[in-house]
Trainee: 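Please find one structure pasted underneath; my questions will follow.
Atom set for the values below is all heavy atoms of this structure, side chains included, hydrogens, waters and symmetry mates excluded. Order of the sequence lines fixes the chain letters, A, B, ..., with proteins taken first and strands second; residue numbering starts at 1 for each chain.
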Protein chains: 2
Amino acid sequence: MNASPVSEFSGADTAVGAKLVYDIAEGSASMKSLLGGKGAGVAEMTRLGVPVPDGFIVTTQACVAVTAAGGQWPDQLWDQVLDSLRRLEQRTGRGLGSTTKPLLVAVRSGAVVSMPGMMDTILNLGLSGDTVDALGAEFGNPRFAWDSYRRFIAMYGEVVEGVPAYVYSDALDALKKRRGVTQDTELSTDDLRELVTTFLALSRDHIGRDIPTDPTDQLRRAIDAVFASWRNPRAQVYREINGIPDDLGTAVNVMQMVFGNRGNTSATGVCFTRNPSTGAKELYGEFLTNAQGEDVVAGIRTPRPLAEMESVLPQAFRQLTETMAAVEAHYRDMQDMEFTVEDGVLYLLQTRNGKRTAAAAVQIAADLVAEGVIDRAEALQRIEPAQLDQLLHPTIDAGAKGEPLTVGLNASPGAAVGGVVLDEATAQSRAHAGEAVVLVRWETTPDDIAGVVAAQGILTAHGGMTSHAAVVARGMGKPCVAGASSIAIDMDARTVTIGGQVFAEGDVISLDGATGEVFAGALPLVPPQITEGFRRVLGWADDVRRLGVRANADTGEDARRARDFGAEGIGLCRTEHMFMDPARLPAVRRMILAADDDTRAAALAEILPMQQGDFEEIFTAMSGLPVTVRLLDPPLHEFLPSLVNQALEVQRLELTGGGASEIAEASALLARIRSLSEQNPMLGLRGVRLCLVYPQIPEMQVRAIARAALAVSTAGSEPRPEIMIPLVAFEEELKRMRELVQRVMDEEFAAAGRSVEYSIGTMIELPRAALCADEIAAHADFFSFGTNDLTQTTLGISRDDAEGAFLAQYRRDGVITANPFATVDADGVGQLVEIGVRKGRSAKPSLKVGVCGEHGGDPASIEVWNRIGLDYVSCSPYRVPIARFAAARAALGA
Amino acid sequence: MNASPVSEFSGADTAVGAKLVYDIAEGSASMKSLLGGKGAGVAEMTRLGVPVPDGFIVTTQACVAVTAAGGQWPDQLWDQVLDSLRRLEQRTGRGLGSTTKPLLVAVRSGAVVSMPGMMDTILNLGLSGDTVDALGAEFGNPRFAWDSYRRFIAMYGEVVEGVPAYVYSDALDALKKRRGVTQDTELSTDDLRELVTTFLALSRDHIGRDIPTDPTDQLRRAIDAVFASWRNPRAQVYREINGIPDDLGTAVNVMQMVFGNRGNTSATGVCFTRNPSTGAKELYGEFLTNAQGEDVVAGIRTPRPLAEMESVLPQAFRQLTETMAAVEAHYRDMQDMEFTVEDGVLYLLQTRNGKRTAAAAVQIAADLVAEGVIDRAEALQRIEPAQLDQLLHPTIDAGAKGEPLTVGLNASPGAAVGGVVLDEATAQSRAHAGEAVVLVRWETTPDDIAGVVAAQGILTAHGGMTSHAAVVARGMGKPCVAGASSIAIDMDARTVTIGGQVFAEGDVISLDGATGEVFAGALPLVPPQITEGFRRVLGWADDVRRLGVRANADTGEDARRARDFGAEGIGLCRTEHMFMDPARLPAVRRMILAADDDTRAAALAEILPMQQGDFEEIFTAMSGLPVTVRLLDPPLHEFLPSLVNQALEVQRLELTGGGASEIAEASALLARIRSLSEQNPMLGLRGVRLCLVYPQIPEMQVRAIARAALAVSTAGSEPRPEIMIPLVAFEEELKRMRELVQRVMDEEFAAAGRSVEYSIGTMIELPRAALCADEIAAHADFFSFGTNDLTQTTLGISRDDAEGAFLAQYRRDGVITANPFATVDADGVGQLVEIGVRKGRSAKPSLKVGVCGEHGGDPASIEVWNRIGLDYVSCSPYRVPIARFAAARAALGA
């Protein structure tokens, strides 16, 4: 940095005469983009008549101009700062650098959006060896003056000159140790004077020269440090990743100092106008007497609850509570405020809308409506939909957390505590014996489903946010930590090493699915609550939203839960999970391995009544509401042992002298698995292809649906089945399946002498289906966009493999900003859905169009679905409330 | 069928007064769609003054009306037939059913497009017990009359009444046996009279009543049988599969009989105006004296070469050769004609453009241009591009073929003869020892590549036209029969069973890749020829086409061959095949298995000079022409042993007491393979993703390209490298890779103190890339649509798995008409390419756009590429001539 400012004035291209510095009194809340959040806040409070220290604000535009010029200041900027400073000196009757009545200022950055890594605050600027005595003399408190001076040096050294913070804190600690005291406040004036000398010497050692003593020079360098912090690499990367424009800039607030460290009639504190954790309308905050702002945050002294201020500083306390009420009423939202009391006089230093938990957000919004402060639409816009997830799962008590063993991906929220189990069978047997278990696997496959059902939560070494384990876990509302790469399983020893610590089966661990943390032992849990306030807010959301909300549910239990959560039907009932039931798998395998049609028919006949029973339970639970049943979708080999395992089994039998018939049987199974195995099963024999190659399977399923619907309607329920054909790419596929479904339905209705209403539709989950949706719509009553598979094919990314292989790195490196399996890729996949909807409706205006899968319950994606004009979304039962809410937000254009 | 025609007249909705029957003399060649091919041919010959029997034609429109009415005739049809019949009787002075001068007619179907399974011909209609004697008396030849009568009964019984043909032929054979003769002509008049009695009795037995004796009734039923044959299921399916509209209909020709069976001055025959096998302008045809048409085809008597007719029937022969010349000149194309000589007088019964081999098509087109008959553009339209494939591969001598052992899919044309080998190692060792080998596998994988290289041809039990084996084989121009499901490999016995016959390794078989046939032993081969005529035609194609044609080539040898075949550059140089070279695989594996960056860098440093050498050879071969080098694309695990094999190896070592260090090493490799293995490698860590995760790999490759280009330009060649980034889905991926490529290029150019021109582009092979092509184009100089992968993702079909799993069945069942991996799916994939081109050029008008992969060399797809407006196609070297030709056809709108 150049000591002579003039040489740096070389023409950044801000228009001559542009106003780059505002007095606080000139600003208002509406000028946030120009003055930053902090600046607009103090300006607005000034307008309200709230006591705020005087000062001025260097605008974000000044920062933008400096950034654009690579750090050079525009010609008029320094002059405007000096003008503002002169006016401030006149209003306060003090002078920066004055040795009689010195003006001290606080310099604070104030971006529109706060971001980590940016310079924050320098207090007590204006102090130097020349002015410190004047300050002490003026207030008759030399200790206060020297305390302020040592604070200034440390803050200036750190944020302007880049001296590491520990340099000053170590010196302070050493001094306290020498003096045998624990609190800063116990140091004497002489101690502080000595500390200043030490700090100045340490600063010189680190930066190679003295800290400037001219306060005007200090001010310019402090402002410039704020500008520079906007340009630092960490802030740049942060902006890039979070999509914050580079040309937003940060403002710089320069305010007259008020002193919370002028003795015991002075204090500093933070307060919230409501409880940010629960939303309750109650006193919430902390304060410290004889302290400056950073002492509260630094935790060196333990702050006191705000309520105690009533007895310590009663007048300031009354004034503060009145001010809190007035400012909240003005902003019509809960405020997070900072204040200082200088010798009994209250000053507000900052106000902003307070961050809050989901529970608090819901409660505050509901209360503000009840208080008549905001209307329902605004209440809905005050709550972040993604945050609501917190409310629907039990969580680990944050206060009880120690150091995690490892941190994986927060794949499914909630908390799980249980004994480690390493395979499905152990999970089932231990769970059956009443033990809570956590399933730990390299990764999960559909084979593990019973283990997942039995477990409290899942921990995997591989796989991402959308891996099989994660998707299944979220679908079941079970916590899951995925892709915890530092765990290693030893199946021979039946142990797992987590973060270097070895756990045998049965050893208890705790997972926090919301953070991805894994802990040793059993941590205490906090149960989920759907509060009255939450129910009320969801009711308002239902009044506003245009999108219908259904659930993905495969069992009667899921269906009932979904209905409790407000689902208006089932958008996706996956029949394959019914096939995976251990009681049915033998018949399913006989069906797959059948050498002839009769054997296959016999196996299917065994499965039919089981499926019928499932459908009866679901239709009953969803009586009067539509239930979309997807016919069998996955490749058949998913129901058989894995190729590798079976090949090993055959070799093992051969090498260990297995019987000839045993070997023959194992080899025959291996041959069948091999013949069904595929390079890319995702793109293989599944969905409608399976239906057309093995028409006996969909016939059985349709028959089960028909019989179930007939049975429950006899029992007084109102079934509304919608039969959905998966993975259609060609018009002809759907045409033929429609004929099959209608034929079987007609047969069953004829046999029963009765019929029920039903419809036939298709998943749109391949790019071709979307591109040719007009042709396909001719044979469909409805479309359901299967955006999981549509994302896999449109992006050419396998959901099961991608997270660990490259997708996580892509996000870290900023190649992409969001996981496309969590939030829909609007540009690519969204474009295809739009084409599909447009073409589908052009061919059939009555076409009903929805979306199912992960993106049906994701708030950001729901905005896309609302914009495209879908009729409904369908998501896991646990996300139904979030979807209802997000749909309302989308409808409001929030 | 109702004996009383009147009751069937119930109002099919053909306009009253529509003309449904034409006299032959009223027609012409231009009325083909109304009169059918046969009818238009005889009408046109009549106009030319060529002697053709008189008659009339029931139009295709009549057939359409009857078909639409479910078989009922429109009101006026029968009346019009009777009117035409009356006029024919008047012109000929004969009467249908006349017992003095009976009119006999031939009834022939005559569709616009011929198709199998349709009724063809009934000769001698009009004969009955009442008329046969009059016919014999008129010509003083009762034997001829009874011969004609027995022929009529057999033909009528078969095609109108559905009596199986063997019923009549068995009775004929039995009679000849009883008489001790071998030729029909040796039967006496009495024999034939007896045969008629037998035929009538057999007909009665089969159809439960007598064949009608009223010739008018016979005529009506015969015409109706032609109509019915249009509606039969086999014809319907054929039309559906081949995209022939149902409302084309077939015409029915009714012509006065002329008799080739009136003794030795009579004859019947077929002739071509040029040799349909070679195209030579020479006499080509066959004839039989004292015979009717079907005798030539039936093969009971061996026909005589046409040249011999000169001595037997000199006048008719002279007349025939003059007529052939005249008709060919009129149609300006080689004709396939049928004729009859009745007592020395020539009649032409049919003429049509003759089917011909590819060689003949090329030769004839070239000759016709040379003769001034047609121009070049028309010559190009006379040759079917797909057929040209025949000319570019050696073929089995068709005359030497016996019964095939089995018939698989004709996956890659050409012929291979060699000893059976069952694995890559055996293929290599035996080939190295000088033996010609055929690799027989369940299916092939990239592991087998060296075996494929070593073999003459490939035979697989699994996989389709576009399986790995097929694609690789076509790329190398090697014959391949794929999906031969009747073969079974026994690796323990080291034998393969083909069609029930067991072959040990080394036993010789022959494959015909053009037909899918497999033969035992060594069959003689016919070598491929690029004739002078072919070269000339290709030159004309080059003058006409708009699309550029490049080749896919990975080696200098391929590049030289491609240039010989007329390639204008390389559109796709796949660098992974360079990695697969057995000499390099160890270094490649070290690179993949590297535990740290230094080890990886060392391995890459070893590979760099080898890649550089490859590029130098290719750049030299393609001096002055662009060479598009695709950076490494496939998943890394393709370079390692398979997961199953390595798992088996580890278990084998464990169970058979392998050494601890050996087990540890094998287990470590297994762990790495497992960590790289993917559920769906096609959608996994490959292409640009691999480049961004392991940037050292593309850096090495770009460095090799730069150094190779610098080296060959020093040596006087003109390298034009185009660096292509595969599998881009997101703009940011290409942006970063462009930066990497430019940086490495700059480094190399700086080090050399020189530079070469190069460009950077991307494959568009994912739907998202096409949909977002405007964003991606910002960072690309060119796009190459990788339609293999684009088809896989757009249709959600894995090329490696689909053929046997469902795609073959889809085609058999008519769900789809063409293999989408052979001919591009224009509606879906074509639509995406169109979007990609439009968006790409909208963002960058100078963008160069091509296509590479299977669809680059497929004529039907090339039409699509031409329509969409691509700049070039790229295909395997062996398809370059076809692509040049097809591009010309597409440009001509043929």
Side-chain angles (χ1 to χ4, degrees), chain A residues 442 462 643-645 647-648 651-652 655-656 674-685 687 689-690 692-693 727 729-730 732-733 736 765-769 771-772 775 789 792-802 804-806 809-810 813-816 825 827-829 831-832 835, chain B residues 442 462 643-645 647-648 651-652 655-656 674-685 687 689-690 692-693 727 729-730 732-733 736 765-769 771-772 775 789 792-802 804-806 809-810 813-816 825 827-829 831-832 835:
Chain A
W442 286 107
H462 299 156
L643 177 61
V644 174
N645 290 346
L648 289 171
Q651 188 190 53
R652 189 187 63 74
L655 293 177
T656 58
R674 200 182 282 277
S675 83
L676 285 173
S677 82
E678 299 176 304
Q679 299 281 320
N680 297 289
M682 158 66 205
L683 308 175
L685 180 59
R689 301 158 188 175
L690 202 60
L692 290 173
V693 171
L727 211 75
F730 302 99
E732 190 67 23
E733 294 171 320
R736 294 183 185 207
E765 51 189 336
L766 296 172
R768 191 185 196 281
L771 292 163
C772 301
E775 295 166 10
D789 279 2
Q792 295 199 80
T793 47
T794 304
L795 274 54
I797 296 178
S798 173
R799 192 178 63 172
D800 293 334
D801 304 316
F806 64 91
Q809 181 174 338
Y810 266 29
D813 293 352
V815 177
I816 56 175
D825 160 43
D827 289 350
V829 176
Q831 191 181 157
L832 266 184
I835 291 172
Chain B
W442 286 107
H462 298 158
L643 177 62
V644 175
N645 289 345
L648 288 171
Q651 180 179 268
R652 190 187 63 74
L655 292 177
T656 58
R674 201 182 280 278
S675 84
L676 285 173
S677 82
E678 298 176 305
Q679 299 281 321
N680 297 289
M682 159 65 205
L683 308 176
L685 181 59
R689 301 160 188 176
L690 203 59
L692 290 174
V693 171
L727 211 74
F730 302 99
E732 189 68 23
E733 292 172 321
R736 293 183 184 207
E765 50 189 335
L766 295 173
R768 191 185 197 280
L771 292 163
C772 300
E775 294 166 10
D789 279 1
Q792 295 199 83
T793 47
T794 304
L795 275 53
I797 296 178
S798 173
R799 192 178 64 173
D800 293 333
D801 304 316
F806 64 92
Q809 181 174 336
Y810 266 29
D813 294 351
V815 177
I816 57 173
D825 159 42
D827 290 348
V829 176
Q831 191 183 154
L832 266 184
I835 290 171

Trainee: For B:Gln651, which atoms come within 4.5 Å of any heavy atom of chain A: side chain, backbone, both, or neither?
Mentor: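 Both the backbone and the side chain of B:Gln651 come within 4.5 Å of chain A.
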Trainee: Using heavy-atom distances under 4.5 Å, tell me whether A:Ile816 contacts chain B through its side chain, its backbone, both, or neither.
Mentor: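 For A:Ile816, side-chain heavy atoms alone lie under 4.5 Å from chain B.
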Trainee: Against chain B, work out which of A:Leu727, A:Leu655, A:Leu683, A:Leu643 has the most heavy-atom pairs shorter than 4.5 Å and name it.
Mentor: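 Of the candidates given, the most pairs with chain B belong to A:Leu683.
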Trainee: Using a 4.5 angstrom heavy-atom cutoff, name the option from A:Gln831, A:Arg689, A:Glu732, A:Met682 with the most pairs to chain B.
Mentor: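 Sorted descending by pairs with chain B, the first entry is A:Arg689.
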Trainee: I need the residue from A:Leu690, A:Asp789, A:Val693, A:Leu832 with the largest number of non-hydrogen atom pairs under 4.5 Å to chain B.
Mentor: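 Of the candidates given, the most pairs with chain B belong to A:Val693.
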Trainee: So for B:Ala647, is it side chain, backbone, both, or neither that comes closer than 4.5 Å to the heavy atoms of chain A?
Mentor: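 The answer is both parts of B:Ala647.
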Trainee: Is B:Asn680 close to chain A through its backbone or its side chain, or both, or neither, when contacts mean heavy atoms under 4.5 Å?
Mentor: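 Contact with chain A involves both backbone and side-chain atoms of B:Asn680.
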Trainee: What part of B:Gln679 gets closer than 4.5 Å to chain A, counting heavy atoms only: side chain, backbone, both or neither?
Mentor: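 Both the backbone and the side chain of B:Gln679 come within 4.5 Å of chain A.
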Trainee: Tell me, for B:Thr656 versus chain A, whether the close heavy atoms (under 4.5 Å) come from the side chain, the backbone, both or neither.
Mentor: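 Only the side chain of B:Thr656 comes within 4.5 Å of chain A.
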Trainee: Evaluate the criterion side-chain contact (heavy atoms from CB on, under 4.5 Å) for residue pair B:Thr794 and A:Thr793; output intermediate values, then yes/no.
Mentor: CA-CA 7 Å; B:Thr794 304; A:Thr793 47; over 6 Å; no
Trainee: Considering only heavy atoms, which portion of B:Ile835 lies under 4.5 Å from any heavy atom of chain A: side chain, backbone, both, or neither?
Mentor: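 Just the side chain, heavy atoms under 4.5 Å.
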Trainee: Tell me, out of B:Gly828, B:Pro767, B:Ser675, who's got the most heavy-atom pairs with chain A below 4.5 Å.
Mentor: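 The residue among B:Gly828, B:Pro767, B:Ser675 with the greatest pair count is B:Pro767.
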Trainee: With chain B as the partner, which of A:Leu685, A:Leu771, A:Val644 has the greatest number of non-hydrogen pairs under 4.5 Å?
Mentor: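 Maximum pair count with chain B is reached by A:Leu771.
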Trainee: Give the member of B:Ala802, B:Cys772, B:Pro681, B:Gly684 that has the highest number of heavy-atom pairs under 4.5 Å with chain A.
Mentor: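 Between B:Ala802, B:Cys772, B:Pro681, B:Gly684, the count favours B:Pro681.
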Trainee: I'd like to verify something: which residue of B:Leu648, B:Leu676, B:Leu766 has the highest number of heavy-atom pairs under 4.5 Å with chain A?
Mentor: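 With the most close heavy-atom pairs to chain A, the winner is B:Leu648.
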Trainee: At a 4.5 Å cut-off on heavy atoms, which part of B:Arg736 comes close to chain A: side chain, backbone, both, or neither?
Mentor: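 B:Arg736 touches chain A through side-chain heavy atoms alone.
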Trainee: Need one label for A:Glu678: side chain, backbone, both or neither, based on atoms under 4.5 Å from any heavy atom in chain B.
Mentor: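 For A:Glu678, backbone and side chain are both near chain B.
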Trainee: Checking heavy atoms, do the side chain of B:Asp825, its backbone, both or neither come under 4.5 Å from chain A?
Mentor: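 For B:Asp825, side-chain heavy atoms alone lie under 4.5 Å from chain A.
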Trainee: With only heavy atoms counted, which part of A:Ala729 is less than 4.5 Å from chain B, the side chain, the backbone, both or neither?
Mentor: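 For A:Ala729, the side chain is the part near chain B, not the backbone.
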Trainee: Taking side chain as everything from C-beta outward and backbone as N, CA, C, O, which of these in B:Leu692 sits under 4.5 Å from a heavy atom of chain A? Side chain, backbone, both or neither.
Mentor: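 For B:Leu692, the contact with chain A is made by backbone and side chain together.
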Trainee: Counting only heavy atoms closer than 4.5 Å, note whether B:Glu775 contacts chain A via side chain, backbone, both or neither.
Mentor: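 Only the side chain of B:Glu775 comes within 4.5 Å of chain A.
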Trainee: Shorter than 4.5 Å, heavy atoms on both sides: which option in A:Gln792, A:Glu765, A:Gln809 has the most such pairs with chain B?
Mentor: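 Ranked by contacts with chain B, first place is A:Gln809.
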